[in-house]
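Remember, it's 1-based here, ligands and their atoms both numbered in the order they're listed. Predicted, not measured: the structure shown is a model, and the values here were computed from it.
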Amino acid sequence: MSSSSSTTPLAEFGKKHVTKGLGQLTSGVMTKGQGSYMAFEDGRNMLDFTTGIGVTGLGHCHPKISGAAAAQCMELVHGQCSIAYHGPYLRLIEALLPMMPDKSLDSFYFWNSGSEGVEAAIKMSRIITKKQNIISMQGGYHGRTFGAMAVTKSKTIYSEGVAPLMPGVFQIPFPYWHQLGLPSTASEEQIVQQCLYQLELVLKQQSAPSDTAAILIEPVLGEGGYIPAPAAFLKGLREVCDKNNILLIIDEVQCGFGRTGTNFYIENSGVKPDIMVVAKGLANGFPLSAIISRTELTDKLKPGQLGGTYAGNAVACAAAIAVTEVMKEEKILDNVNTRAEELYACLNACRDKHPSIIVEVRGKGLMAAVEFASPAYSIYDPVHNTTAPKSLASRVARRCIDKGMLLLTTSVYEVIRFIPPLNISQADMQKGCNIFAEALDEVVREG
Ligand code: PLP
């Protein structure tokens with residue numbers, strides 16, 4: 001099977017008629033997803049280390065999940081939830097309850113996408129606390145609708161030219177050495193202290209606790225560079241929230257549902273969210289998000305304040321129930337942790353081979369990243385850099401695509417992110433690692 005792309009009439013049609021604002025990693029037309037592979041109309045069959053940006057965690061077209069959706073299609077497709085609850089909606093809650101990182105999370109509301117989930121969480125936090133301001137993280141990504149866009153601070157492209165955005169949004173830095181202007185060797189304690197100090201300042205200088213409804217965080221910064229938040233930072237946020245009657249919203253849209261080796265990343269810290277937003281892996285490709293909170297909080301909402309025509313679609317809910325079953329039956333968390341060891345071993349070996357090029361290998365479970373030295377970086381950290389060619393991340397990712405593996409860059413820095421299927425086989429993980437290592441060697445050799 002060839003891996004180089006060639007144009008087809010359908011691909012040319014797309015170039016002309018699909019609205020330009022949509023970026024594309026590779027040209028060509030996807031035709032069939034099967035397990036860890038994505039086939040294209042031009043004959044390529046690509047190993048998929050993007051999983052549709054962290055969505056198809058259980059592989060493309062998992063038979064049990066597709067089967068559950070197909071069966072549901074013949075029973076009930078759209079049972080509008082403001083008319084009556086439908087069976088899959090309620091059975092999905094039953095399946096999710098035992099997975100919750102904190103047993104007090106017992107109030108569920110489903111919508112279609114991560115952005116809508118974040119919108120609902122913001123809205124709920126304002127209604128519940130009767131306060132307006134939201135504090136989010138520098139580098140955070142929460143979606144492209146207006147509220148979600150306002151709290152997103154990862155790249156200006158998402159909001160460029162569309163101001164005014166939703167007001168009442170404030171930022172503190174996420175604990176990431178690069179954003180703080182520190183070397184990658186900076187201690188976790190120093191990084192966490194700096195960020196919590198900035199939070200204290202924001203609450204004193206910009207958004208009084210009496211005006212602040214919520215602090216919103218991706219516990220693993222996704223779009224901003226795949227950086228797991230230290231437990232000490234999450235605990236610090238929780239303490240500040242408790243002291244000031246502020247809600248803590250945890251956005252697990254990208255890092256949730258087994259991606260980091262536990263059901264939810266927040267479990268690692270023992271921190272209890274007030275509201276948790278989940279999407280992507282929840283339904284393995286069917287559009288579905290969950291906004292999860294505590295009834296003691298959500299009882300403050302009035303009927304009709306939440307809703308949406310397609311919210312909690314029956315087919316998507318049936319698929320999500322199957323996802324929860326597959327996670328258990330196929331021991332997915334065990335596979336994530338075993339495959340992750342292999343992936344980090346490969347990435348660390350690459351770093352050891354190219355110490356002046358790779359600044360950091362990081363991540364948790366199968367949410368992994370490699371950060372390359374970037375030209376601006378040398379200004380404040382002469383230890384690394386200097387030999388790093390420009391746009392290394394894009395060039396390596398492109399080379400991987402040429403070699404038959406879909407791979408994404410991320411963040412404003414030089415970062416490649418690895419988001420393989422959670423049920424990837426050992427052989428396919430090895431194949432992906434080999435492709436990356438070869439691509440890196442070639443690009444470095446070329447300079
Ligand atoms: N939150 C996080 C952490 C995300 O990674 C994303 C999407 O990548 C979103 C929210 C928005 O989700 P969606 O694209 O489904 O609207």
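- Any N or O atom pair closer than 3.5 Å counts here, and Gly114 shares at least one such pair with ligand 1.
- In this model, no donor atom of one side chain and acceptor atom of the other lie less than 3.5 Å apart for Glu119 and Trp111.
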| field | Pair Glu371-Tyr176, side-chain hydrogen bond (donor to acceptor under 3.5 Å, both in side chains): steps then yes or no | value | CA-CA 12 Å; Glu371 178 161 346; Tyr176 173 25; 2.5 Å; yes
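- In terms of protein heavy-atom proximity, atom 14 (O) of ligand 1 is closest to Ser115 OG, 4.3 Å.
- Just one of Val151, Leu247, Val118 meets the side-chain contact (heavy atoms from CB on, under 4.5 Å) condition when paired with Ile134; it is Val151.
- Not less than 6.0 angstrom separates the ring centroid of Phe49 from the ring centroid of Phe436.
- Of all the atoms in ligand 1, the ones that sit under 4.0 Å from a non-hydrogen atom of Ser113 are 15 (O), 16 (O).
- Considering His142, Glu218, Lys280 only, the shortest heavy-atom separation from atom 8 (O) of ligand 1 involves Lys280.
- With no hydrogens or angles considered, a side-chain donor-acceptor pair links Thr26 and Arg44 at under 3.5 Å.
- For atom 1 (N) of ligand 1, the closest non-hydrogen atom of the protein is Asp251 OD2, 2.7 Å.
- Of all protein heavy atoms, the one lying nearest to atom 5 (O) of ligand 1 is Gln254 NE2, 2.9 Å.
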